[in-house]
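Every chain is numbered from 1, with letters handed out A, B, ... down the list of sequences. Heavy-atom basis, side chains included; hydrogens, waters and symmetry copies ignored.
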Number of protein chains: 4
Amino acid sequence: MAKIPVAILGATGIVGQRFVALLADHPWFQVTAVAASERSAGRRYGEACRWLLPTPLPAAVRDLPLTLVEPPLDARLVFSALPGEIAGPAEVLCAQAGHIVCSNASAHRMDDDVPLLIPEVNAGHTALLAAQRRRRGWPGLLVTSANCLTTQLALALRPLHDAFGLRKVAVVTMQALSGAGYPGVSALDIVDNVLPWIDGEEQKVAQEPRKLLGTLNEDAVLAAPFVVSAQCNRVPVREGHTACVAVALAHRPDTEAVLAALEAFAPSPEVAGLPSSPARPLRVHRVVDRPQPRRDRDAGGGMVVHVGRVRSCPVLDVRFVVLGHNTVRGAAGGAIHNAELLVAQGWGD
Amino acid sequence: MAKIPVAILGATGIVGQRFVALLADHPWFQVTAVAASERSAGRRYGEACRWLLPTPLPAAVRDLPLTLVEPPLDARLVFSALPGEIAGPAEVLCAQAGHIVCSNASAHRMDDDVPLLIPEVNAGHTALLAAQRRRRGWPGLLVTSANCLTTQLALALRPLHDAFGLRKVAVVTMQALSGAGYPGVSALDIVDNVLPWIDGEEQKVAQEPRKLLGTLNEDAVLAAPFVVSAQCNRVPVREGHTACVAVALAHRPDTEAVLAALEAFAPSPEVAGLPSSPARPLRVHRVVDRPQPRRDRDAGGGMVVHVGRVRSCPVLDVRFVVLGHNTVRGAAGGAIHNAELLVAQGWGD
Amino acid sequence: MAKIPVAILGATGIVGQRFVALLADHPWFQVTAVAASERSAGRRYGEACRWLLPTPLPAAVRDLPLTLVEPPLDARLVFSALPGEIAGPAEVLCAQAGHIVCSNASAHRMDDDVPLLIPEVNAGHTALLAAQRRRRGWPGLLVTSANCLTTQLALALRPLHDAFGLRKVAVVTMQALSGAGYPGVSALDIVDNVLPWIDGEEQKVAQEPRKLLGTLNEDAVLAAPFVVSAQCNRVPVREGHTACVAVALAHRPDTEAVLAALEAFAPSPEVAGLPSSPARPLRVHRVVDRPQPRRDRDAGGGMVVHVGRVRSCPVLDVRFVVLGHNTVRGAAGGAIHNAELLVAQGWGD
Amino acid sequence: MAKIPVAILGATGIVGQRFVALLADHPWFQVTAVAASERSAGRRYGEACRWLLPTPLPAAVRDLPLTLVEPPLDARLVFSALPGEIAGPAEVLCAQAGHIVCSNASAHRMDDDVPLLIPEVNAGHTALLAAQRRRRGWPGLLVTSANCLTTQLALALRPLHDAFGLRKVAVVTMQALSGAGYPGVSALDIVDNVLPWIDGEEQKVAQEPRKLLGTLNEDAVLAAPFVVSAQCNRVPVREGHTACVAVALAHRPDTEAVLAALEAFAPSPEVAGLPSSPARPLRVHRVVDRPQPRRDRDAGGGMVVHVGRVRSCPVLDVRFVVLGHNTVRGAAGGAIHNAELLVAQGWGD
């Protein structure tokens, strides 16, 4: 099978770089176009980009010329790692031009007819695309991946919601520097420090899980009936968000039942066959001091989400720690995973 | 007034050093004895101690000889910064020998007849000392300061409990390196990392606030009727614990009422007169990105506790962030503050 | 004596903030004006400035309105913490308008008739000001303080040059984050990393010490006859530059003679009387693992420079480590120190 | 070819873990025995070892029982990652018992008849083994790899010495935390700090390069005729030592000639065929801000050494920066590389 040509919008940023790295040896996709801001357009990727990853910049992308973030793009699929304010209109233009757009930006995540998608969580929500095509009249289509923290949270919540019925979710986060982009956080703000606030983050974490775990209802998703409280912090960690979670459940399981539900969580056969799917999306740790970002973030190429310290909670019902790689599973890897799902379901034809 | 001679047990550790630094110019107390493990006994303090603080080692203590952690001690008051397993019996021996013991160790905190004390929170709990003397027959006495995280938490909870009645407290912590002592945490465990577990910490944070905010009932403290869930993490910060807190309250105040209660919190006249009392024990921040450990931990010489990001909570009732200096307010400074209270109340006579 | 009114140009930056903090209780100077970029002009200092220091923003400055960085300024003395490209013309305008300008910027440091000044190193170089007035016709005057790293280096080199005659100086630096200003270095560039290059730094460190240790020759300074090699690195340290130095000397002293020369280094009576002068500008450490930035940078309010690990060198003659506080002694504190010298010498009349 | 069974002494330490990870898929070697201190002996490796690497603990080693660090060992080859004081006698016992010992410890590095070996630098020094067998009468043999910093330094110096004749070497280091082992450096000693001293390091860096670049002279190595000055510092970096180097050369090449010599440096055909040999042992960077530990340490699986900022030096002749992975190329990877060389040269038969 010839590889599907793909473009990356916002290719020089920190998430854009992750797209480039993750797509370097992808079995289905091949990067044929990279786009960035007007300032960089026309230059070679390797010259315009301050490459931040420890793995080398793939040779096949180094010499691609940067184009503007708009059609025409020499690609079938388009990955968007654009900043919020630009992403909205650019992604619509791409879908109008016939591209399959897999966005990591927040602009359209909560739109009624745009699937907010994590393959292991809600692969069926791609059914919204029928409504999207009908309403929008686009020859292309648009799906979104969730906020980085939301992604790892939703993966841990999915089996709990299915088995026990979520009622309340309280989450306190310790988020990595890469989540703020580059240059992002000043070293003077974070060395020997914690920042107790991340602009816009808490609202996303409060909203998005309810759509992700919601139920399809004709042409929209009915939000799942639980509430989320998020308190978001930045800590001096390069990659990997850690979150302390407490949940109230309709059925009050004991800790072993919770552990069993988490450990049994497996992808559907459709999802299991995707190139980016780890054998198990969750790794459950029973040693007392895990997960830790530096030790666990890279498991499964960064696509595994970790759960640990599962125990009962005297205030809600159950407590645990969730850790995930924010720029792989929580950003570029998640969007690629979504693209794989679309291809597997035939939306790419 | 001649200064009261004081001894420091465990004087070479990181909390012991804070005692030395904080007592350097104390108006009421003068360090006349320092004690440490058998290994160091007999050596001069300045030789045996690896001084870790940025301020210089006070000259008056540098040449004091280290003694064993047991009577006789050339002092009236004894501060204990001993590790838990040693602290228990050593503190009892000192009280039996007639010393006023102000301990920072956890060994006796939950004993029925031992006050667990924070001057602004429960100065009246020193009334337990009458029972202590009656039961134990000690010529001396023993009071304890709370766990570092508990201390800052209890200071923030006191006005909320008084005004609105606490029912539930959920706290997730991001704790500083100094809390683990020296050498404590290996750099390889914490640079670019978070540790999601601190041995023994969560139990202390769950128990101690209920005693601190409890009510005196004859010869014991009746624990306050709320539950606490604590999830404790270590982060790469030198000093200053940050905690995200959510509380359920019997009366459901709006955010402004909560802010007003916190801002109005002032020490009693008795406590306000103590040398270590800041004018206000709480500083309430209304800017969105404070408190931060590096920017706020040293306010009021490290004795001010900070509250910020006060807002309503969709899961419990109110959320906020609490920050305090863990080795000053949460350890050495807290124990010195307690000693000042005992002197002011006449227990030192 | 009424305090001399002073203005701070570039008052909102990281060095500007150090000026504000250091001048808060200055016995001779009082901040009466603060100036910053056009963007901030008109706003109150406390609103426009993201205050980064752990000590509180002084109340007297908080409400001062920010003006443009040009005359008229409501002050006699002007401190400049402006970025290089703006500093040059702005400082000239201020001297033309009659101000005594003490600059921390690099623009005019190497000008023939502008003293590059460190009071303990070359107080006599203020004699250049006669030539400056003659040539420039300014009613005011302009002196400069040296580059941060140069300052601490020159303080250590002065007694060695006097006693043994410097021939060669090789310096490798490990410089703090604050030296890059705010936001300056991205956390993603420096957490778990070293940057082996600092733009423009090596040239300054190679040139400036020769002027500082040079000899007055009519209307200019004859550069001292030694060469300097500088290799400059950025490390994850907040404040305090560390430098490993090796020197070749005309006379080849043994290590004890070098230590003796460093330890004997004392300010002249004129300089000793300045408010910012520490009793001894150098602290010589004989323990093997000092100086260290976190433990030593704050000594003497940040005005003491530390020398340690003095030993013979098989390649040049003598090796040692030098450490100083880069934004106090190496920036704001140094410029204030220079202003004090000018006042003491009567240039302020 | 059946894989050669190998044992790892000191297998649970940080270098021991690197051996385990690097040997997991080695084409020639298979780990059949792991040995550690008496305290761990008898336990399974996976239980006794606090695994610190981000890659998973290889399954084949997880269940191996830990033995004592002495013969008999179920292996042909023995890798030693023992601490210095234990390594000396243990390695001799192993060689006496017939094992091929490739040591990373310092105990025997400077012994006359023990090769100190880096394949690309001095593969011919294995000729010393004939003398070793004759003198010692061991059925086995012993070779050593160099100190971590020395290794990367010697790789950069080899082509310069060959082309231009080294006379003097001045090196200032910024060394990673992993070099101190685990737990090693306390976080309180290094967060926001630099330590200007590493016990014993400077002497090793001064001595070992002269043996590595020395010439074989009958039964010993005649040390190369240059002097080395080393000033060693610890910085808050997890892995990867950075060193600023200046050299004086007998022939004074211009910078381009130096760059050309470094870039031309290639392994001999014998060495090029070893599994751990990178195509080029040196990567020369011409951009101004490289190498950096986090960006460059992992190149070539950690076996590539980086050189950058090559330029002339006003004090000596040429300056540059060298960076290498201290626990791969500078420790476990280097010792494995030596073992490969021995096998290729037939010493393993």
Side-chain angles (χ1 to χ4, degrees), chain C residues 167-174 176-177 188-199 202 206 226-248 285 287-295 297 308-309 311-316 319-321 323, chain D residues 167-174 176-177 188-199 202 206 226-248 285 287-295 297 308-309 311-316 319-321 323:
Chain C
R167 292 175 46 242
K168 299 178 183 177
V169 179
V171 56
V172 176
T173 72
M174 295 170 279
L177 299 165
L188 285 172
D189 277 331
I190 202 68
V191 170
D192 187 18
N193 205 20
V194 165
L195 299 174
W197 177 70
I198 300 174
D199 194 9
E202 295 176 353
F226 56 81
V227 292
V228 181
S229 162
Q231 297 176 272
C232 293
N233 305 281
R234 186 80 65 197
V235 293
V237 166
R238 300 189 62 87
E239 298 267 12
H241 291 346
T242 307
C244 285
V245 185
V247 295
H285 297 256
V287 294
V288 77
D289 64 347
R290 299 289 276 269
Q292 297 174 17
R294 202 195 54 82
R295 290 201 175 121
R297 62 194 172 201
R309 303 214 66 216
R311 60 207 193 286
S312 67
C313 174
V315 167
L316 300 179
R319 296 177 285 182
F320 49 90
V321 175
L323 183 145
Chain D
R167 291 175 48 241
K168 299 178 184 178
V169 179
V171 56
V172 176
T173 73
M174 295 169 279
L177 299 165
L188 285 172
D189 276 332
I190 202 68
V191 170
D192 187 19
N193 205 19
V194 166
L195 299 174
W197 177 70
I198 299 174
D199 193 7
E202 295 176 354
F226 55 81
V227 291
V228 181
S229 162
Q231 296 175 273
C232 293
N233 304 281
R234 186 81 65 197
V235 294
V237 166
R238 300 189 62 87
E239 298 268 13
H241 291 347
T242 307
C244 285
V245 185
V247 295
H285 297 256
V287 293
V288 77
D289 65 347
R290 297 290 276 270
Q292 297 174 17
R294 201 193 55 81
R295 290 202 175 121
R297 61 193 173 202
R309 303 214 65 216
R311 59 207 194 286
S312 67
C313 175
V315 167
L316 300 179
R319 296 177 286 183
F320 49 89
V321 175
L323 184 145

Margin query: Taking C/D189 first and then D/R295, would you say they form a salt bridge - that is, a charged N and a carboxylate O separated by under 4.0 Å?
Written below: yes
Notebook entry, point to check: What pairs with D/R290 under side-chain hydrogen bond (donor to acceptor under 3.5 Å, both in side chains), at least two apart in sequence or on another chain?
Noted result: D/D296
Next item on the list: Can you tell which part of C/N233 gets under 4.5 Å to a heavy atom of chain D, answering side chain, backbone, both or neither?
Entry: side chain
Note to self: Using the rule side chain to side chain donor-acceptor pair (under 3.5 Å), only one of D/R238, D/R294, D/Q292 pairs with C/N193; which is it?
What the structure shows: D/Q292
Checklist line | Proximal component of C/V194, with respect to chain D [non-hydrogen, under 4.5 Å] | finding: both
Note to self: Could you measure the distance from the OG atom of D/S229 to the CG atom of C/L316? Nearest 0.5 Å is fine.
What the structure shows: 7.5 Å
Margin query: So for C/A230, is it side chain, backbone, both, or neither that comes closer than 4.5 Å to the heavy atoms of chain D?
Written below: backbone
Check: Can you tell me how far CD of C/E239 sits from CG of D/D192, rounded to the nearest 0.5 angstrom?
Finding: 8.5 Å
Item checked: D/A206 versus chain C, the contacting section by heavy-atom distance below 4.5 Å -> neither
Check: Any idea which heavy atoms bring D/P314 and C/V227 closest together, and the distance?
Finding: O-CG2, 3.6 Å
Next item on the list: May I ask you to say whether D/R311 pairs ionically with C/E202, meaning some side-chain N is under 4.0 Å from a carboxylate O?
Entry: yes
Item checked: Largest heavy-atom contact set with chain D, pairs under 4.5 Å, which of C/L177, C/V245, C/V321 -> C/V245
Item checked: Top contributor to chain C interface from D/R297, D/M174, D/Q231 [non-hydrogen pairs under 4.5 Å] -> D/Q231
Note to self: If I measure from the heavy atoms of chain C, does D/V171 come under 4.5 Å with its side chain, its backbone, both, or neither?
What the structure shows: neither
Note to self: Checking C/D289 now: which residues fulfil salt bridge (Lys or Arg N to Asp or Glu O under 4.0 Å) with it, not counting sequence neighbours?
What the structure shows: B/R50
Next item on the list: Would you mind checking which part of C/R167 comes under 4.5 Å of any heavy atom in chain D, side chain (CB onward), backbone (N, CA, C, O), both or neither?
Entry: neither
Next item on the list: State the CZ-SG distance between D/R309 and C/C232, to the nearest 0.5 angstrom.
Entry: 8.0 Å
Margin query: Does any backbone or side-chain atom of C/V247 lie under 4.5 Å from a heavy atom of chain D? Answer side chain, backbone, both or neither.
Written below: neither
